[in-house]
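The analysis underlying the following values was restricted to heavy atoms, covering all of them including side chains, and did not include hydrogens, waters or symmetry mates.
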Amino acid sequence: MKDPSPADEARRAVREAVWRKMRAVARPDSRFAYDLTSFIPDFAGSELFPGKLRGLPCYQGDGPVFVTPDNCLPDLKASLIASGRPLLQTVAVAIGFHYIPPGRIAPGDARFAGTLDGALLLAEKLDLDAVRRLGPLDFVVTGACAVDPRTGVRFGKGHGFFDTEWALLSELGLVSPTTPVIICVHDFQLVETGLAPSPHDTAGEWILTPSRTIHVPERHLNPTGVQWDIVDAQRLADIEPLRQLAAARRSAAPEAR
């Protein structure tokens with residue numbers, strides 16, 4: 001394993017500073033307790049996110065949307081399900097995508113369906129061709145460890161899961177650099193880092209906190225497609241959709257020649 005770069009060390013310092021503050025407000029996870037290196041936590045005020053999301057201009061429409069599996073987003077997912085919005089999500093990107101079409105969930109089950117356990121039981125697991133057939137997403141919602149309100153650039157836990165989800169969605173034609181990205185965080189997670197974004201970083205157009213709605217007028221341009229040059233053997237081994245895309249690329253290569 002290569003030594004961390006100065007940029008890596010700077011990001012680690014940002015994450016650790018945020019984790020120290022978040023321990024005062026984070027709700028524990030049944031799998032990880034308070035190990036914030038392993039999950040994006042929930043907190044008081046996350047129940048406000050559904051209403052804040054409905055107030056954004058990008059909310060209008062009835063097309064599919066994507067929401068990450070972060071702990072601060074089940075209420076938001078339940079609201080989307082109850083409203084009949086086609087919902088694409090991951091329970092864990094390593095095992096692929098799950099989808100809840102309009103009308104699949106009874107109104108009384110929307111809250112459970114918004115949880116990770118509910119998604120495993122009630123959502124349909126889609127292969128990549130089925131994901132591609134959904135077409136362009138109206139918007140994407142994610143949590144974060146930290147986000148810079150000036151640029152919209154977000155940092156996750158350091159595992160690159162959302163960057164991978166974005167790359168997969170881009171490769172499948174569901175998102176473009178202009179697709180609205182909404183980042184939902186606690187106010188403690190707003191950090192003016194001053195750090196230069198890396199080529200694979202994704203940024204939000206909107207940032208929601210319990211107390212603020214922030215529009216990022218000139219966000220960092222989000223990447224397009226999978227950057228195969230930085231996908232190593234371990235990442236392929238860990239993430240099934242990446243293996244499937246890599247196999248499809250190998251199969252198509254002779255036709256391209």
Side-chain angles (χ1 to χ4, degrees), residues 7 9-30 32-59 65-80 89 111 114-116 139-163 165-166 179-198 201-220 222:
E9 289 293 342
R11 287 173 181 240
R12 181 186 59 77
V14 169
R15 290 185 178 102
E16 291 183 352
V18 169
W19 288 332
R20 284 194 294 272
K21 291 201 291 186
M22 287 299 293
R23 285 191 183 97
V25 297
R27 291 169 173 159
D29 183 282
S30 59
F32 305 115
Y34 283 100
D35 178 11
L36 300 184
T37 67
S38 297
F39 70 104
I40 302 293
D42 192 15
F43 42 80
S46 66
E47 68 278 3
L48 301 175
F49 289 149
K52 285 176 167 283
L53 176 64
R54 288 192 294 272
L56 300 183
C58 60
Y59 183 83
V65 300
F66 175 80
V67 182
T68 60
D70 299 315
N71 285 20
C72 58
L73 299 177
D75 285 345
L76 185 145
K77 284 188 283 187
S79 174
L80 289 166
Q89 60 187 308
R111 186 171 184 81
T115 66
L116 299 186
F139 56 82
V140 169
V141 183
T142 180
C145 171
V147 59
D148 191 322
R150 298 171 302 176
T151 63
V153 172
R154 65 176 294 285
F155 298 159
K157 304 179 297 295
H159 307 305
F161 292 140
F162 180 64
D163 291 339
E165 290 163 337
W166 177 268
T179 299
V181 176
I182 299 102
I183 301 173
C184 297
V185 291
H186 191 276
D187 290 88
F188 286 169
Q189 295 170 297
L190 297 174
V191 183
E192 294 189 2
T193 66
L195 299 177
S198 65
D201 279 335
T202 48
E205 180 180 355
W206 295 92
I207 303 169
L208 305 181
T209 79
S211 68
R212 300 175 66 184
T213 295
I214 301 169
H215 182 235
V216 182
E218 297 183 7
R219 70 178 185 182
H220 163 70
N222 284 333

Any side-chain heavy-atom pair from [X] and [Y] closer than 4.5 angstrom?
X: Val147; Y: Ile214; value: no
X: Pro69; Y: Phe161; value: no
X: Val181; Y: Thr202; value: no
X: Asp201; Y: Arg11; value: yes
X: Val185; Y: Arg154; value: no
X: Asn71; Y: Arg27; value: no
X: Lys77; Y: Leu116; value: yes
X: Val140; Y: Ile182; value: no

Approximate separation, where rounding is to 0.5 Å, of [X] [atom1] and [Y] [atom2]:
X: Tyr59; Y: Lys52; atom1: OH; atom2: NZ; value: 15.5 Å
X: Thr37; Y: Phe32; atom1: OG1; atom2: CZ; value: 8.5 Å
X: Thr68; Y: Leu73; atom1: OG1; atom2: CG; value: 5.0 Å
X: Asp29; Y: Asp42; atom1: CG; atom2: CG; value: 10.0 Å
X: Arg212; Y: Ile207; atom1: CZ; atom2: CD1; value: 8.5 Å
X: Thr179; Y: Asn222; atom1: OG1; atom2: CG; value: 8.5 Å

Q. How are the rings of Trp206 and His215 set to each other: parallel, tilted or perpendicular (split at 30° and 60°)?
A.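 Because their plane-to-plane angle lies in the 30° to 60° range, the rings of Trp206 and His215 count as tilted.
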Grab the two heavy atoms, one from [X] and one from [Y], that are nearest each other, plus how far apart they are.
X: Tyr34; Y: Pro28; result: OH-CD, 3.2 Å
X: Cys145; Y: Ile40; result: N-CD1, 3.5 Å
X: Phe49; Y: Leu208; result: CE2-O, 3.6 Å
X: Leu48; Y: Pro210; result: CD1-O, 3.5 Å
X: Cys72; Y: Pro41; result: CB-O, 3.5 Å
X: Ile183; Y: Ala144; result: CG2-CB, 3.9 Å

Q | Flag, side chain of Asp148 to backbone of Arg150, donor-acceptor distance under 3.5 Å | A |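 Present.
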Q: Output all residues satisfying side-chain contact (heavy atoms from CB on, under 4.5 Å) with Arg111, sequence neighbours left out; order by chain, then residue number.
A: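 Testing Arg111 for side-chain contact (heavy atoms from CB on, under 4.5 Å), a comparison that skips the adjacent residues, returns Asp75.
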Q: Verify the neighbour count for atom CZ of Arg23: are there more than 12 heavy atoms of other residues, nucleotides or ligands below 6.0 Å?
A: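 Atom CZ in Arg23 is packed in, count exceeds 12.
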Q: Only counting residues at least two apart or in another chain, list the ones meeting salt bridge (Lys or Arg N to Asp or Glu O under 4.0 Å) with Glu47.
A: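 Glu47 satisfies salt bridge (Lys or Arg N to Asp or Glu O under 4.0 Å) with no other residue.
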Q.
Assess the residue pair Phe155 and Thr193 against the criterion (side-chain contact (heavy atoms from CB on, under 4.5 Å)); give the C-alpha distance rounded to whole Å, side-chain angles, the decisive distance to 0.1 Å, and a yes or no.
A. CA-CA 10 Å; Phe155 298 159; Thr193 66; 3.9 Å; yes
Q) Can you check side-chain contact (heavy atoms from CB on, under 4.5 Å) on Glu205 and Val216, steps first, answer last? A) CA-CA 5 Å; Glu205 180 180 355; Val216 182; 5.6 Å; no
